[in-house]
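One structure is given here, and the rest of the page talks about it.
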Amino acid sequence: MRRVVPLLLVVLLLFSFATAVSANPTPRTDNLYFSPVTQAGNHTLHLDVWSYYNSSMSVKVYKEGPVGQWTEVYWFGQNLNASTYTSYDLNLGYLTPGNYKAVVDFSNWAYVENYSFWRP
C-alpha cells in the first residue's frame with residue numbers, strides 16, 4: 001500500500017500535466033509576401049488552410065507606403081473547424097500599384113498550406 005500511493009500520485013501528476021499542456025492553444029502567424037502589384041485593379045487572394053483544432057483565423061492585407069510603413073487595406077475573419085482543409089478566395093477589391101503582404105493569424109494550431117495572389 002505504501003508503494004501504491006506514491007505511484008498513484010506520480011501518475012496523477014503526469015496526467016494532469018499532459019492534459020494541461022494539450023489544452024493550451026498554440027497561436028501561429030503566417031506572413032505572406034506577394035510580387036509587386038504593377039497594374040491597378042481588383043485582386044484576389046487564394047488561401048488553402050489546414051486546421052488541426054477548432055480555431056479562428058484573421059487575415060489582414062497591408063500595403064507598403066512611400067517611407068516603408070505598412071497600412072492595413074483589407075481584413076477578413078473566420079472560425080475554423082477541427083481537422084479541416086478549406087480553400088478561400090478573398091476579393092481584396094481595387095488595389096493600386098505597390099508592395100503588399102498578408103498576415104494570417106490563427107488562435108490555435110493551423111497553417112496556410114498554399115496561397116496565390118492575382119488580378120482576375
W109 and S55: side chain donor to acceptor below 3.5 Å: no
Evaluation steps, side-chain contact (heavy atoms from CB on, under 4.5 Å), between Y111 and V104: CA-CA 9 Å; Y111 68 95; V104 184; over 6 Å; no
Option passing side chain to side chain contact (heavy atoms under 4.5 Å, CB included) with L45 (candidates Y100, Y74, F34): F34
Using the rule that Ile, Leu, Val, Met, Phe, Trp and Tyr join whenever any side-chain heavy atoms are under 4.5 Å apart, tell me whether [X] and [Y] fall into a single cluster.
X    : Y   : result
V49  : L32 : yes
V103 : W50 : no
V73  : L47 : yes
V112 : Y52 : no

According to side chain to side chain donor-acceptor pair (under 3.5 Å), who are the partners of [X], at least two apart in sequence or on a separate chain?
X   : value
S83 : none
Q39 : R119
T86 : none
T29 : D105

With N79 via side-chain contact (heavy atoms from CB on, under 4.5 Å) - residues at least two apart: S56
Pairing residues for Q78 by the side-chain contact (heavy atoms from CB on, under 4.5 Å) criterion, not counting sequence neighbours: M57, F76, L80, Y88
Separation of Y115 OH from Y33 OH (nearest 0.5 Å): 9.5 Å
Contact list for residues 30-54, test salt bridge (charged side-chain N to carboxylate O under 4.0 Å, His left out), sequence neighbours left out: R28-D30
Donor-acceptor under 3.5 Å (H46 side chain, T44 main chain): no
Donor-acceptor under 3.5 Å (N54 side chain, A82 main chain): yes
Identify each donor-acceptor pair in which a side-chain atom of residues 59-70 lies under 3.5 Å from a protein atom, sequence neighbours left out, and give them as a table.
residue	atom	partner	partner atom	Å
K63	NZ	T96	OG1	2.7
K63	NZ	P97	O	3.3
E64	OE1	N99	ND2	3.1
Q69	OE1	V67	N	3.4

Members sharing W118's hydrophobic cluster (side chains within less than 4.5 Å): none
